[in-house]
Amino acid sequence: VADVDVARGLDAGEDPHGPKGMRGPPGGPRYAALVPYEVQTSVFEGPFDLLLHLITRQQVDLYEISLSTIIDAYLVELERIGRMDLEVATEFVLIAATLIELKTRWLLPGRDIDDLDEEFGRWEERDLLLSRLLECKTFKDAAEALQRLAARAVRSQPRRAGLDERFAHIAPDLLAGVTPQKLHAAFLRAATPRPIPRVDLFHVAPVRISVQDAVEELLDELPRAGRLTFRQLTTGLVERLEVIVRFLALLELYKQGAIDLEQASIFGDLQVTWLGMPGDEDPASLVAAEAYEG
Amino acid sequence: MASEEQRAIEAILMVAEEPIEPNLLAQLLEISQERVSQLCTELAAAYDAEDRGFVLVKVAGGYRFQSHEDLAAYVERFVLEGQSARLSAAALETLAIVAYKQPVSRAQVAAIRGVDVDAVMRTLAQRGYIAEVARDPGPGQAVLFGTTTMFLEKLGLDTIDDLPPLGDFVPGPEMVEVLEQGLRPSAS
Amino acid sequence: MASEEQRAIEAILMVAEEPIEPNLLAQLLEISQERVSQLCTELAAAYDAEDRGFVLVKVAGGYRFQSHEDLAAYVERFVLEGQSARLSAAALETLAIVAYKQPVSRAQVAAIRGVDVDAVMRTLAQRGYIAEVARDPGPGQAVLFGTTTMFLEKLGLDTIDDLPPLGDFVPGPEMVEVLEQGLRPSAS
């Protein structure tokens, strides 16, 4: 599943031609059945928003829905909006990547498990996701309440007239002690450009990293370190995509039994422990098994 | 008939440019803060009884005069300038998280939203709704954000405790059911 | 009980920062100027009868609320004790932008400062340090601000050209853009 979807999601995001290039596949009958698109929302506010929408409006089962369906749905939404700006494109790549991350988390540790512990683990994952969706929904509704309060408050305007001229003589001289030099300095402070916010350039300068490369890097790093946290492993990575690709690489190694993963608390740092190469497999074969690109 | 103390409060609030805290009024009138609260409550009730076009309210910790909400249509044109643009849905949700979780770090907000919130947080800070309020004492010393006095003013709240409780917005059992259904692994 | 028309006048005068001319009130309420005068006289009489701490007066050709003269002592005390006697760093920066870039609109100052500057601009104008000097010829006709003679006196300057020169200071690109866009003549 992941192979196809990773490729499509990122290709779409990197396409410099905008909406024309982003036209998703028309979608088979399955797509039409699962996602009858009658969307009121404009742009989804992140992956949880999209998931919430898909689940509550379409009543779909996320395990049944393929990632490509979700991405198609998103492409349909983008087309409906009828415009393509950088923000939307960035958002799209982000959503696609995060969905891949979420989906991979459910899929990689194995679909057919007999082990009870693992089965429980899957339920935990599901509960975690459920709790995050509920949290997302809670703040969405809270935001609407804030909006209503603000809309009501704006109907009453405060008095701001201040002192009238009768009191001008006693108003303190606010300019006492202000010299032309101080004013000059204040201007320079105000006019000096503030640090320009870093612009995410996913869509114009695609990050060319593959999970394969990431696995190789990890195979180099992990045996030496033995035990590391995910945070340590991703220190210095600037792009979110790089972090996600590293994460996918870790899952791959986990699947192969080369590492163990532990997370002490929800949102806690992921502890990565090197277990050694499974069997007498050569690291090279492990790398070769990995084909998909990020 | 308004008492001398009530008259003094009316006069001061008439020249004030922002909500005036009860302790300042108490100091200026040389009376207790409790007395100030009582007098202001009486004044507000009197304006209400007389059906005045203005009200006396407590907002962001202080008292101020403001136009009656019924008359919004008449005062609109006086407040056009400086009327700040509406917040986007993303900004509002981020603001809600900061309001209810404060003090909160950027990373904590991002974890809840599931997306990068840097740009939105910057906008909210620039527009004066949120501000850095502390540093996380833990390692990394992340900047912690909270809402501002202006946030309270914009929402017409006296204190942050006047926000509707977050519990009011926790989805009901039907919604939980729907979400749970959606996340149930299919038999394979 | 105040009538709906009286209530509307109260609401408008409460939020107005300048005396409001009777013809503007007449236009907003869709009634005659004579009726406006009559209503205002009635309101003023009511406040007087209730012995309020504020009065409704006609000054400079318009109506406004102001504190009752009896209570000047309280207002003076409020001014002296309750208000900060120094310009904040933010206010000083705002004043500096107006001084160096005049004539400049509120929106341009806000764009350079990156924050809402309404309150600060209002205070600076009330204190007589800055004033409206022109209208942007472009669409929207934004009010343009500049510094006053009083500002020059306070800083001991003869003319505005006596401010320390900006020399080879190069403003950031955003600022150049802000200033160029706002002041570009329309339809050229």
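So you know, we letter chains A, B, ... as the sequences are listed, proteins then strands, and number each from 1.
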_Spatial distance of atom CE (B/M175) from atom OG1 (A/T138) [nearest 0.5 Å]_ = 10.0 Å
_Atom group of B/F54 that falls short of 4.5 Å from chain A, counting heavy atoms_ = neither
*Atom pair CZ (A/F139) and CG (B/L166), whose distance is rounded to the nearest 0.5 Å*: 5.0 Å
*chain A interface, residue from B/I97, B/V170, B/D70 that has the most non-hydrogen pairs under 4.5 Å*: B/I97
*asked:* Looking at B/E21, I want to see if its CD is surrounded by more than 12 non-hydrogen atoms of other residues, nucleotides or ligands under 6.0 Å.
replied: no
*How long is the span from the CZ atom in B/F151 to the CG atom in A/L146, to the nearest 0.5 Å?*
5.0 Å
*asked:* Are the side chains of A/C136 and B/I112 in contact, using a 4.5 Å heavy-atom criterion?
replied: no
*Donor-acceptor pair, B/S67 side chain versus A/Q157 backbone, under 3.5 Å?*
yes
*Roughly how far, to the nearest 0.5 Å, is the CG atom of B/L92 from the NZ atom of A/K140?*
10.5 Å
*asked:* side chain to side chain contact (heavy atoms under 4.5 Å, CB included) for A/R159 and B/Q66? Distances and angles first, verdict last.
replied: CA-CA 6 Å; A/R159 179 165 180 83; B/Q66 61 185 37; over 6 Å; no
*Can you name the closest pair of heavy atoms from A/L149 and B/P164 and give their distance?*
CD1-CD, 4.0 Å
*Taking all non-hydrogen atoms of both residues, which atom of B/E69 and which atom of A/S156 are closest, and how far apart?*
N-OG, 3.3 Å
*Which distance, rounded to the nearest 0.5 Å, do you find between the CZ of B/F169 and the CD of A/E144?*
9.5 Å
*With a 4.5 angstrom heavy-atom cut-off, could you sort out which part of B/L163 is near chain A: side chain, backbone, both or neither?*
side chain
*Are the side chain of B/R64 and the backbone of A/P158 linked by a donor-acceptor contact shorter than 3.5 Å?*
no
*asked:* Any salt bridge linking A/K137 with B/E93? Criterion: basic side-chain nitrogen under 4.0 Å from a carboxylate oxygen.
replied: no
*Please name the pair of heavy atoms, one in B/E17 and one in A/R160, separated by the smallest distance, quoted to 0.1 Å.*
O-NE, 3.7 Å
